[in-house]
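All remarks here apply to the structure that follows.
Residues take their numbers from the sequence shown, with the count starting at 1. Computed from a predicted structure; not experimentally measured. Whatever order the structure lists ligands and atoms in, that order sets their numbers, starting from 1.
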Amino acid sequence: MKASAPGKIILFGEHAVVYNRPALAVPVTQVHVDVEVLDSPRKGVFIHAPGIDLHAELNSLPANHPVASVILKVFKLCGISQTPDLEINILSTIPVASGLGSGAAVSVALIRALSSYYLHSLSDNETDELAFEVEKLHHGTPSGIDNTVITYNKPVYFIKGQPMEIFKVGRPFTIVIGDTGISALTKESVGDVRSLWLRDTVNFENYFNEIAQIALIARRSIESGRPELIGELMDQNHALLQNLTVSSPELDRLVEAARSAGALGAKLSGGGRGGNMIALVEQPKAESVADALISTGAKRAIITEISQESAPQE
Ligand code: PMV
């Protein structure tokens, strides 16, 4: 039994979303996790995930290991009380700890492949909730945006604790994603923002409010078919993320390089400190912006088209 899940980028609102402000995120189908569940001739559940250097039998992993915990939760939901004999292959093209949602994508693909193997079909809502439980093990206090956009595989307007909304993309637009190649733990940047917020609550609340305004205007611009307007909003959101201390010299350099190469705007995306940045470009300039990112030190650049429809999942 096979299932896939896409990566994601946050267009606007990371970090502020942890403090109940809105954020916009979209799936990125050029990168994905593919999970295959097979009957095994050997006793036990063998997990092969070369991308995270994991080759282990389920019972040798701690129960709160992100992969083990997904498997155990699905077994429980499907009423499997005795350890079955399975091989589980997890292949991912999403770089880890880089803001592209690799952890949530592993959870979603694994939940879908395993539950289908047991002919126990789960709704998107159930899949999303289960993946959120696992996100808590990765991140501590996640907003839930990653598991939501990856489960639904659609552009998502997200406020923590509220039913998510799928937003309309009035006209497709092009984003170039640049990877600093530096892995950074979201849990740490989220923790640092929390300490600073506790010490400097008034200013941090103001930054979050400004980010919330930007996310609202961005949603309107995208829905009304004027995505070119979000370039400047990206620049503003990046400056606010710098105020939150979650940018880094490498991210700033890539953001600058994208702008100099003709992008309409650019910002870091996700937890920050490392990981990825995104730039809004006019389609014909996509290749030259991607080249500029690579020559400024990006480990890779992905060009992605954001539209209402994303690629179907298996
Ligand atoms: O680093 P990522 O892509 O997993 O994004 C995290 C987004 C944050 O807003 C920083 C944290 C969260 O839980 O929403």
| message | Taking side-chain contact (heavy atoms from CB on, under 4.5 Å) as the criterion, tell me which of I80, L86, V70, L77 meets it with L114. | response | L86
| field | Member of D39, V45, V37 meeting the side-chain contact (heavy atoms from CB on, under 4.5 Å) criterion with P84 | value | V45
Report all N/O contacts between ligand 1 and the protein shorter than 3.5 Å as a table of atom names and distances to 0.1 Å; if there are none, say 'none'.
unit_1, atom_1, unit_2, atom_2, d
ligand 1, 1 (O), T186, OG1, 2.7
ligand 1, 1 (O), G271, N, 2.8
ligand 1, 3 (O), K8, NZ, 2.5
ligand 1, 3 (O), G99, O, 3.2
ligand 1, 4 (O), D146, OD2, 2.9
ligand 1, 9 (O), H15, N, 2.8
ligand 1, 13 (O), S143, N, 2.8
ligand 1, 13 (O), S143, OG, 3.4
ligand 1, 14 (O), S143, OG, 2.5

| message | Going by side-chain hydrogen bond (donor to acceptor under 3.5 Å, both in side chains), name the pairs with one or both residues in residues 289-304, residues two or more places apart or in two chains. | response | Q30-T304
| message | Under the side-chain hydrogen bond (donor to acceptor under 3.5 Å, both in side chains) definition, can you give me all pairs with a residue in residues 45-65, not counting sequence neighbours? | response | H48-E87
| said: Once side-chain hydrogen bond (donor to acceptor under 3.5 Å, both in side chains) is applied, do any residues pair with S247, and if so which ones, sequence neighbours excluded? | reply: D252
| Aromatic ring proximity, centroids under 6.0 angstrom, F208 and Y19 | yes
